[in-house]
Amino acid sequence: MSRTPAFVFPIALGLSGAASAQTPLKDVEFVREGIISLGMAIELSDKCGSISPRRVRGINFLYSLRNHAFDLGYSRDQVDAYVGDKAEEERLKQIAYGRLADLGVTTGNEASYCAAGRSEIAKGSDVGRLLR
């Protein structure tokens, strides 16, 4: 999995807002897991020719992450800092790559990406709901 998928960068489209929060945004499970799921879905759709991303659903998902952050009181500056945190981006990528490997994905093996993607779609997982 040598490609650098856009795990954190897509949320920059939707996550910006008001107020302040008490815990680091990286510790908000819904946001963190959402970014990981989105990154996994992007990787699977990029590496499997027969699977496509559900773009509108993905955009709506991004807005749900943003709205959740807003509801918890995170500010634009906090969100921007999180989105721009390269160490956090790398940490999330490693988690996502590990989860893809757990699903049987093998770098350079398109069939493994397709099998994992189809499995996630069939399960109706967060990753699967972002694919078709």
Side-chain angles (χ1 to χ4, degrees):
M1 292 176 231
S2 60
R3 186 179 163 279
T4 303
F7 284 102
V8 177
F9 297 115
I11 67 165
L13 298 173
L15 285 179
S16 58
S20 65
Q22 295 153 324
T23 61
L25 191 52
K26 72 178 189 165
D27 293 333
V28 177
E29 183 178 7
F30 181 76
V31 173
R32 182 186 64 247
E33 291 299 318
I35 294 168
I36 293 168
S37 294
L38 181 63
M40 290 172 65
I42 291 169
E43 185 77 358
L44 291 169
S45 67
D46 283 351
K47 303 287 173 107
C48 175
S50 64
I51 293 178
S52 302
R54 296 180 138 217
R55 296 185 196 288
V56 172
R57 186 169 285 181
I59 290 167
N60 287 335
F61 185 64
L62 292 173
Y63 281 115
S64 75
L65 297 177
R66 179 201 65 185
N67 290 336
H68 188 76
F70 288 166
D71 290 346
L72 294 175
Y74 288 89
S75 71
R76 174 185 298 261
D77 289 343
Q78 289 169 312
V79 171
D80 289 346
Y82 182 65
V83 170
D85 185 336
K86 296 300 182 191
E88 179 66 2
E89 178 182 1
E90 186 59 33
R91 186 179 80 83
L92 296 179
K93 284 195 295 192
Q94 293 309 311
I95 292 169
Y97 287 147
R99 290 181 187 176
L100 288 170
D102 290 345
L103 293 174
V105 168
T106 304
T107 302
N109 181 339
E110 181 179 4
S112 70
Y113 286 89
C114 294
R118 283 191 293 276
S119 174
E120 291 302 296
I121 292 167
K123 284 192 278 189
S125 70
D126 287 341
V127 173
R129 286 191 298 271
L130 296 169
L131 300 169
R132 68 171 142 215

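Every value quoted in this text rests on a predicted model; they were computed, and no experiment measured them. Keep in mind that the numbers below use all heavy atoms, side chains included, and drop hydrogens, waters and symmetry copies. We're numbering straight along the sequence, starting at 1.
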- prompt: In Å, rounded to the nearest 0.5 Å, how long is the span from CG of D126 to CG of L131?
  reply: 11.0 Å

message: Show, in sequence, the C-alpha distance, side-chain angles and deciding distance for K93 and E43, and conclude whether the salt bridge (charged side-chain N to carboxylate O under 4.0 Å, His left out) test is met.
response: CA-CA 10 Å; K93 284 195 295 192; E43 185 77 358; over 6 Å; no

- prompt: Shortest non-hydrogen contact from A96 to M40?
  reply: CB-CG, 3.7 Å

message: Side chains of V105 and L44, heavy atoms from C-beta outward: is any pair under 4.5 Å?
response: yes

message: Please check: side-chain N/O of S64 versus main-chain N/O of F61, any donor-acceptor pairing under 3.5 Å?
response: yes

query: Of the non-hydrogen atoms in R118 and S50, which two are nearest, and what is the gap between them?
result: NH1-OG, 3.7 Å

field: From CZ (R55) to CG (N60), nearest 0.5 Å
entry: 14.0 Å

- prompt: Under 6.0 Å from the CD atom of Q94, do we count more than 12 heavy atoms belonging to anything else shown?
  reply: yes

query: Any idea which heavy atoms bring E120 and S125 closest together, and the distance?
result: OE1-OG, 2.5 Å

- request: Give the minimum heavy-atom separation between H68 and V31, together with the two atoms involved.
  value: CD2-CG2, 4.2 Å

Non-hydrogen side-chain atoms of L103 and R99 separated by less than 4.5 Å: no

Full working for side chain to side chain donor-acceptor pair (under 3.5 Å) between Y74 and T23: CA-CA 9 Å; Y74 288 89; T23 61; 3.2 Å; yes

query: Is a side-chain N or O of S119 found less than 3.5 angstrom from the main chain of A115, in a donor-acceptor match?
result: no

field: Residue pair R129 / R54: nearest heavy atoms and the distance that separates them
entry: O-CD, 3.2 Å

- prompt: Any side-chain heavy-atom pair from R66 and L62 closer than 4.5 angstrom?
  reply: no

- prompt: Is the backbone N or O of L130 less than 3.5 Å from a side-chain atom of R57, with the two atoms forming a donor-acceptor pair by type?
  reply: no

task: First locate atom CD1 of I121, then atom CZ of R132, and finally report the distance between them rounded to the nearest 0.5 Å.
output: 10.0 Å

Sub-4.5 Å side-chain heavy-atom contact between I35 and Y82: yes

statement: Closest non-hydrogen atoms of I51 and C114, given as atom of the first, atom of the second and distance, are CD1-O, 3.7 Å

field: Nearest-0.5 Å distance that lies between atom OH in Y97 and atom CD1 in I36
entry: 12.5 Å

